[in-house]
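Everything on this sheet refers to the single structure shown next.
Note that the structure is a prediction, hence the values are computed from the model and not measured.
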Amino acid sequence: MKRFVEGVDRTQALLLPEQLDDYVSENNPVRVIDVFVDELDLAALKFEGINPAVTGRPSYHPAALLKIYIYGYLNRIQSSRRLEKEAQRNVELMWLTGRLTPDFKTIANFRKDNGAAIRSVSRQFILMCQQLGMFTEAVVAIDGSKFKAVNNHDRNFTAAKLQYRMKTIEDSINRYLKDLDTADRHEPQVAALKTERLQGNIAALKAQMQKLKEIEVQLQAAPDKQISQTDPDARAMKSQGTGIVGYNVQTAVDAKHHLIVAHVVTNVGSDREQLSPMAKLARSEMGTKDLTAIADRGYFNAPEIQACHEASIDPIVAKSLTSGASADGRFGKADFIFDAKTDTYRCPAGQIAIYRYTREERGLQIRRYWSSACTQCSIKTQCTPSAYRRISRWEHEDVLDAMQTRLDQTPDAMRTRRQTVEHPFGTLKAWMGATHFLTRTLPKVSAEMSLHVLAYNFKRMLSILGPQALMTAMRA
């Protein structure tokens, strides 16, 4: 017989069988999961089922089900049906749960009924990281990304989509009616078959049209004029130049250790209103007094930057380049130098533009400046096609100027942002697979995202500290 390593005989009886504990090494992540959940106060986190009923069949303890979910998300097993199978055959899960084998419905109901508590568990992990001194630099990068919901494009309706589909059906009905006229010219037997088929198609299209008219009524009553039939909270959003029906997940990631310190799931597609809420949430989770928040130009919003300033948060946001004058090859606003002492602007020709009046634009108080020398200016063609070059200044523009100064002093800020916050999104989407979310409605999706974030942070801390040190910190 050739010289190979041989396995154990399956039918060999053992006098002293091996313990289940022998199959799980001392550095196995399941031991960290076990310690983490055991150290949690599940009653304070408001998990359901902590106090079992006196009568009826005994239930599974929430700790066992939470361990199953954390293990599943750490190992890219998010489906309750797959977790049911793993609990029956996976040695690590057998060790973790004491060979408990809950069915998929029990596992799924735990996630559905304990969404708020699961989100609290994710925050508890960040609190532990805070106590370990992981956030000493107090710098975060903020970004958002679109994740797919359990809702097909065909089951999401907006006014434009509805009109397009109605027009498509009308065109199809008209085409079939013309085909009916053509069918009458054929032999009676052929004409009868074609007529029957075409009339069936027309009836089906008319039924579709009736359903669309019913949806049109619902659409008019919807607050945001949009309806998703599978997941009512999912919304159509732009993503990388294409459309997606899903959710906008906002994250704040620590720039030093790349831990996701805060996250929020929203169905608002734009990032414009998210800067100050995310920055304040991140500062609260990190337990720091001061914070620097870096974001891309999608977050540039003057009131949001002002809100950060008032909260003693230093935002660094790339400014959107929207100057029509610069696009046309003329002097942009950056070419006009503001003097705070005299409240005036100096133009490229050396003339002084003085304050004229204030007016409200989109809820903001905008001050207007211009110089009386514009009409005689020798370089007026390089400045404006109007009689005067009017310069607008927001009443809190000094906050934007201070932020631009910070950006100029930290030229690598945008690179830091990209290297910090974009990688977690790519990792999470790879773990999720093509379908992304498995649950429906915003509260359940938020709980599912919290499990993903907890798993991501778990892996980061295992990589940073190692299993033994992490378990010691959890027990402290």
Side-chain angles (χ1 to χ4, degrees), residues 78-79 81 144-249 265-272 298 322 327 425-426 429-430 432-445 448-449:
Q78 300 97 322
S79 164
R81 292 181 183 270
S145 185
K146 311 302 189 298
F147 286 71
K148 297 176 187 175
V150 187
N151 200 105
N152 192 280
H153 273 281
D154 292 339
R155 292 181 64 80
N156 171 265
F157 296 91
T158 61
K161 278 186 182 179
L162 199 64
Q163 293 302 318
Y164 175 77
R165 293 183 191 183
M166 284 182 169
K167 185 178 183 306
T168 301
I169 290 175
E170 288 176 357
D171 292 343
S172 297
I173 290 174
N174 292 333
R175 187 172 67 253
Y176 285 139
L177 289 173
K178 290 180 181 179
D179 291 344
L180 275 175
D181 294 337
T182 304
D184 292 338
R185 302 189 184 95
H186 290 81
E187 296 294 328
Q189 186 176 1
V190 176
L193 291 173
K194 283 191 173 184
T195 299
E196 182 180 359
R197 176 176 59 81
L198 291 171
Q199 287 177 342
N201 290 341
I202 291 172
L205 289 172
K206 287 183 177 179
Q208 290 182 30
M209 180 65 80
Q210 182 60 37
K211 289 181 180 179
L212 291 179
K213 288 180 179 178
E214 294 172 2
I215 292 172
E216 187 176 23
V217 175
Q218 300 172 17
L219 197 64
Q220 294 299 322
D224 58 352
K225 307 302 179 186
Q226 188 174 161
I227 290 176
S228 295
Q229 293 181 315
T230 306
D231 182 350
D233 291 339
R235 289 294 178 265
M237 304 174 182
K238 289 183 179 179
S239 175
Q240 305 265 337
T242 61
I244 184 174
V245 179
Y247 294 90
N248 183 7
V249 178
V265 181
T266 175
N267 55 8
V268 178
S270 172
D271 295 334
R272 295 286 180 193
T322 58
F425 280 132
K429 288 184 177 181
M432 289 177 165
T435 53
H436 293 178
F437 290 124
L438 302 178
T439 55
R440 305 174 188 178
T441 71
L442 187 57
K444 296 174 187 175
V445 167
E448 187 179 354
M449 193 67 210

Which atom of R235 lies closest to which atom of S228, heavy atoms considered | NH1-OG, 4.0 Å
Whether over 12 other heavy atoms sit under 6.0 Å from K213 NZ | no
Return yes when atom CZ of R81 has more than 12 non-hydrogen atoms of other residues, nucleotides or ligands closer than 6.0 Å, and no otherwise.
-> no
Write down the atom of R165, the atom of N156, and the distance for their closest heavy-atom approach.
-> NH2-O, 3.6 Å
Using a strict cut-off of less than 4.0 Å between a Lys/Arg side-chain nitrogen and an Asp/Glu carboxylate oxygen, indicate whether D171 and R175 qualify as a salt bridge.
-> no
Q220 backbone acceptor or donor facing K225 side chain under 3.5 Å | yes
Shortest non-hydrogen contact between N248 and S270, atoms and distance | ND2-O, 3.8 Å
Spacing of CD1 belonging to I202 relative to CD1 belonging to I169, to within rounding of 0.5 Å | 13.0 Å
Roughly how far apart are I244 CD1 and K238 NZ, rounded to 0.5 Å?
-> 14.5 Å
Does F147 reach the side chain of V265, with side-chain heavy atoms less than 4.5 Å apart?
-> no
Determine, step by step, whether V445 and D233 satisfy the side chain to side chain contact (heavy atoms under 4.5 Å, CB included) criterion, reporting the C-alpha distance in whole Å, the side-chain angles of both residues, the deciding distance to 0.1 Å, and the verdict.
-> CA-CA 10 Å; V445 167; D233 291 339; over 6 Å; no
Might you point out which heavy atoms bring Q226 and T158 nearest each other, and give the distance in Å?
-> CG-CG2, 3.8 Å
With rounding to the nearest 0.5 Å, note down the distance linking CG in L442 to CG in D231.
-> 8.5 Å
Can you name the closest pair of heavy atoms from M432 and F437 and give their distance?
-> CE-CE2, 3.8 Å
Which heavy-atom pair separates K161 from A236 by the least distance, and what is that distance?
-> NZ-CB, 4.5 Å
From N201 CG over to Y176 OH, what is the distance, rounded to the nearest 0.5 angstrom?
-> 4.5 Å
Contacts satisfying side-chain hydrogen bond (donor to acceptor under 3.5 Å, both in side chains) that involve residues 434-444 (not counting sequence neighbours) are T439-E448
Atom CD in Q199, atom CG in L177: separation rounded to 0.5 Å?
-> 10.0 Å
Rounded to the nearest 0.5 Å, what's the gap from CD on Q229 to CD on Q218? Could you check?
-> 7.5 Å
